[in-house]
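Have a look at the structure below, then the notes.
In listed order, ligands and their atoms are each counted from 1.
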Amino acid sequence: MKRIVLIGYMGSGKTTVGKALAKEIGLPFYDLDWYIESRMRKKVSQIFAERGEEGFRQIERNMLHEVAEFEDVVVSCGGGTPCFFDNMDYLNQQAQVVYLRCEPEVLRQHLLMGKGDRPLLKGKTPEELIGYISEQVAYREQFYTKARYMLDVSLMDNYEKIKITIEKLKELLDL
Ligand code: S3P
């Protein structure tokens with residue numbers, strides 16, 4: 001049984017890599033945010049607006065416990081998922097967890113390009129963004145680095161490099 005979970009900060013490419021890896025090894029792919037949105041029939045941003053971050057984290061935890069029970073899947077988490085409750089320890093018990101590490105400046109570029117609807121970044125200027133990301137990554141690394149596997153994806157800036165990342169992941173996870 002294979003259960004692979006990708007974690008990392010917003011903009012690190014968890015969904016892109018997760019989808020590509022799942023396709024390559026022939027497993028279904030779940031993105032935790034999409035799963036939450038379809039189960040709740042609401043956008044993540046709407047849940048944040050209605051219930052605040054605390055309410056979202058509770059829902060996220062409950063949904064994580066559903067998704068991380070599925071067998072033979074690739075799952076990508078939200079950037080904050082490992083950093084609340086005992087989620088990181090739970091994930092390590094359940095899955096082969098990979099931290100996709102990425103430099104804050106690269107994250108900032110991805111997040112500026114991406115049209116993503118991200119409540120935590122709403123209203124931040126491009127100048128404010130780098131300080132915010134650097135601080136959050138520095139804080140969150142204590143959780144992210146508990147993952148059994150880590151892969152640096154800072155240079156994954158084109159299709160060829162995504163393919164190389166998938167090959168590296170297959171080697172790392174013995175797939
Ligand atoms: C969050 C990341 C988002 C989403 C929510 C909160 C975070 O997911 O879960 O907006 O706390 O880092 P992505 O990492 O997929 O953008």
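- A salt bridge links Lys163 with Glu160: the distance from a Lys NZ or Arg NE/NH1/NH2 to an Asp or Glu carboxylate oxygen falls below 4.0 Å.
- A heavy-atom distance below 4.5 Å is not found between the side chains of Phe143 and Asn87.
- For Gln109, the side chain to side chain contact (heavy atoms under 4.5 Å, CB included) partners are Glu105, not counting sequence neighbours.
- Among the atoms of Gly80, some N or O lies under 3.5 angstrom from an N or O of ligand 1.
- Only the side chain of Arg57 comes within 4.0 Å of ligand 1, judged by heavy-atom distances.
- Contact between Glu53 and ligand 1 is absent, with no heavy atom of the residue lying under 4.0 Å from the ligand.
- In summary, the atoms of ligand 1 found under 4.0 Å from a heavy atom of Arg118, numbered by their order in the structure, are 16 (O).
- When non-hydrogen atoms are compared, ligand 1 lies under 4.0 Å from the side chain of Lys14 (C-beta onward) but not from its backbone.
- Heavy atoms of Leu120 found under 4.0 angstrom from ligand 1 belong exclusively to the side chain.
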Exercise. Show your working on salt bridge (Lys or Arg N to Asp or Glu O under 4.0 Å) between Arg101 and Glu103 and close with a plain yes or no.
Key: CA-CA 7 Å; Arg101 211 194 143 271; Glu103 287 301 323; 3.3 Å; yes

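- Counting only N and O atoms by type, the side chains of Asp31 and Thr15 include a donor and acceptor under 3.5 Å apart.
- With ligand atoms numbered from 1 in the order given, ligand 1 contributes 3 (C), 4 (C), 8 (O), 9 (O), 13 (P), 15 (O) to contacts under 4.0 Å with heavy atoms of Asp33.
- Assignment of Lys43 to the shell around ligand 1 is not supported, since no heavy atom sits closer than 4.0 Å.
- Annotation: salt bridge (charged side-chain N to carboxylate O under 4.0 Å, His left out) contacts involving residues 74-94, sequence neighbours excluded, comprise Asp89-Lys146.
- Closest to atom 12 (O) of ligand 1 among all protein heavy atoms lies Arg140 NH1, 2.8 Å.
- When Gly79, Pro82, Gly8 are ranked by how near their heavy atoms come to atom 2 (C) of ligand 1, first place goes to Gly79.
- When all heavy atoms of Val5 and Cys77 are compared, the closest pair comes out as CG1-SG, 3.6 Å.
- Among all protein heavy atoms, the one lying closest to atom 10 (O) of ligand 1 is Pro119 CD, 3.5 Å.
- Between Ile4 and Ile25 the shortest side-chain heavy-atom distance falls below 4.5 Å.
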